[in-house]
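Convention: sequence-line order gives letters A, B, ...; per-chain numbering from 1.
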2 protein chains.
Amino acid sequence: MSLKYAILGFLSHQPMTGYELKKAFDRSIRHFWPANQSQIYRTLADLTGDGLVDMEVIEREERLDMKVYHVTPAGREELVRWLSTPLPIQDYREPFLIQVYFGNQIPDEKLIAVLEHERNELEGLLALYKSLYGRYQQQLKSQPDSRALFLSVSTLEYGIASNQAALEWLKSLIERVQSGEYRLKDF
Amino acid sequence: MSLKYAILGFLSHQPMTGYELKKAFDRSIRHFWPANQSQIYRTLADLTGDGLVDMEVIEREERLDMKVYHVTPAGREELVRWLSTPLPIQDYREPFLIQVYFGNQIPDEKLIAVLEHERNELEGLLALYKSLYGRYQQQLKSQPDSRALFLSVSTLEYGIASNQAALEWLKSLIERVQSGEYRLKDF
DNA sequence: CTGTCCATGTAAGGCGTTACATGATTGT
DNA sequence: ACAATCATGTAACGCCTTACATGGACAG
């Protein structure tokens with residue numbers, strides 16, 4: 001259960017409400033760990049039950065109460081332990097590849113439409129990642145010794161590098177399907 | 001629910017038992033769609049209920065009955081329909097990247113151990129994919145017009161290309177963490 | 001005689017998604 | 001006047017995993 005640790009990670013930067021956590025996820029790690037709101041609230045309840053986070057109710061006149069969560073010493077310990085633990089390699093699931101794998105059952109025309117669609121999606125994603133990355137490059141110039149900033153931004157590099165490779169493959173696949181020359185690559 | 005369609009895909013090649021399907025998954029698409037046995041049996045029951053596959057019970061003296069599943073015309077239609085439908089881009093989840101993102105909370109030594117571990121896993125995976133790929137290269141030489149074979153093998157190319165890119169990134173990350181020079185890449 | 005392969009499933013639980021529900025404040 | 005933002009959650013469902021259960025055949 002990695003969501004738990006992502007939450008501990010964010011809260012170790014600073015105490016937050018569930019709502020703010022949701023925004024933190026969307027702003028920063030959505031590209032490798034999306035989380036939705038109900039999941040965040042449920043996990044916060046679990047973490048509180050396990051004594052890994054504490055909750056502070058802030059009453060506000062005229063508005064709903066706010067619950068601010070912060071990491072306990074036990075939570076910080078557990079986070080560090082997990083961060084230091086090598087994980088088994090992750091299972092990968094990509095429905096689009098099922099379509100390619102069984103693609104012989106549809107004609108070129110339809111197959112290429114599916115491939116082009118995927119290509120557009122990938123190009124959009126890459127453009128997004130690159131623009132985010134550009135901003136961080138500027139930021140890191142002004143704080144070149146920030147290990148924290150560097151590590152967090154490096155996850156975007158991962159997204160760019162692997163999606164770029166996937167895109168190149170996809171473009172080559174489209175060409176080969178179109179030309180009917182079913183040659184494999186050399187690695 | 002993509003598992004459903006992967007099963008229809010396999011059964012459209014030839015009728016099989018649940019057990020044989022499990023082996024087919026493990027042999028061929030595990031790298032982008034792992035499936036376990038209980039899941040396969042449950043999904044076969046669902047597909048039968050929906051009239052997309054038919055089941056034939058084969059009684060064998062001395063041994064347990066065998067249930068052979070085959071695609072119905074409705075199933076074939078549904079498969080073709082799905083194969084032709086562009087899918088929204090898939091959410092990606094990679095717990096290892098959570099460790100990198102919050103890596104500033106552990107010392108270099110431990111962080112590098114985690115990174116090196118991932119590197120080993122990736123190298124193992126790549127070696128596996130490449131050896132499988134090599135075999136298919138041979139096979140495709142003897143049947144150079146096989147669109148079906150080409151498309152299915154191309155999914156391995158995807159795995160090799162994107163994991164190769166991830167590995168290169170990881171090696172560079174390890175170097176940068178070790179040297180303490182937190183420079184970003186140019187894309 | 002022990003383990004692996006063939007072949008079938010059930011049970012329980014965890015993780016994640018989607019939809020629903022409430023209600024005040026702030027911006028257009 | 002209406003939509004978006006802030007802020008909290010619940011309910012129901014779906015998919016996947018892990019563990020459990022059965023039992024014959026065959027190989028070392």
Earlier contact from the 5' end, DNA chain C, for B:Ser38 and B:Glu20: B:Glu20
Pairing annotation in dot-bracket form, given for DNA chain D with Watson-Crick or G-U pairs under 3.5 Å and | for cross-strand partners: ||||||||||||||||||||||||||||
From D:dC15, C:dT10, D:dC16, nucleotide with atom closest to B:Met1 side chain: D:dC15
Atom-to-atom span, CG of B:Leu3 to P of D:dC16 - whole angstrom: 6 Å
N-O pairing of B:Arg30 and A:Asp91 below 4.0 Å: no
Side-chain ion pair, A:Lys171 and A:Glu116, N-O less than 4.0 Å: no
hbond_proxy A:Gln39 side chain to C:dT17 base (donor-acceptor, 3.5 Å cutoff): no
Phosphate OP1/OP2 of C:dT8: any B:Tyr19 side-chain N/O under 4.0 Å: no
Under 3.5 Å donor-acceptor pair, A:Arg42 side-chain atoms to C:dG16 base atoms: yes
Criterion ring-ring contact (aromatic ring centres under 6.0 Å, His included) against B:Tyr5, the qualifying member of B:Trp82, B:Trp33, B:Phe10: B:Trp82
B:Val68 vs B:Arg93, nearer the 5' end of DNA chain C by closest nucleotide: B:Val68
Sugar-phosphate, base or nothing in reach of A:Asp46, heavy atoms under 4.0 Å: nothing
Sugar-phosphate, base or nothing in reach of A:Phe25, heavy atoms under 4.0 Å: nothing
C:dT8 OP1/OP2 closer than 4.0 Å to side-chain N/O of B:Lys22: no
A:Lys110 atom NZ, over 12 foreign heavy atoms within 6.0 Å: no
Nearest-Å distance for atom pair NZ/C1', residues B:Lys23 and C:dC5: 9 Å
4.5 Å side-chain heavy-atom contact, A:Phe25 and A:Leu3: yes
Nearest-angstrom distance from the residue atom OH of B:Tyr5 to C1' of D:dC15: 15 Å
D:dT17 phosphate, OP1 or OP2, under 4.0 Å from B:Asn36 side-chain N/O: yes
Electrostatic pair B:Lys23-B:Glu20, nearest N-O below 4.0 angstrom: no
Atom-pair distance (CZ on A:Arg30; P on C:dT17), nearest Å: 14 Å
Touch class at under 4.0 angstrom, heavy-atom based, for B:Lys4 against every strand present: nothing
Residue B:Thr17, side-chain atoms from C-beta onward, closest of C:dT17, D:dT17, C:dT8: C:dT8
Test salt bridge (Lys or Arg N to Asp or Glu O under 4.0 Å) applied to A:Arg42 and A:Asp46, step by step: CA-CA 6 Å; A:Arg42 232 187 323 122; A:Asp46 293 349; 5.8 Å; no
Atom pair distance, as rounded to whole Å: CD in B:Gln37 and P in D:dC15: 18 Å
Listed nucleotide nearest any side-chain atom of A:Met66, set D:dA7, C:dG9, D:dT10: D:dA7
N/O donor-acceptor pair under 3.5 Å between B:Ser146 side chain and B:Gln143 backbone: no
Between D:dC15 (P) and B:Leu47 (CG): distance, integer Å: 11 Å
Separation of C:dT17 P from B:Asp91 CG (nearest whole Å): 6 Å
Integer-rounded Å distance: C:dC15 P and A:Ile40 CD1: 15 Å
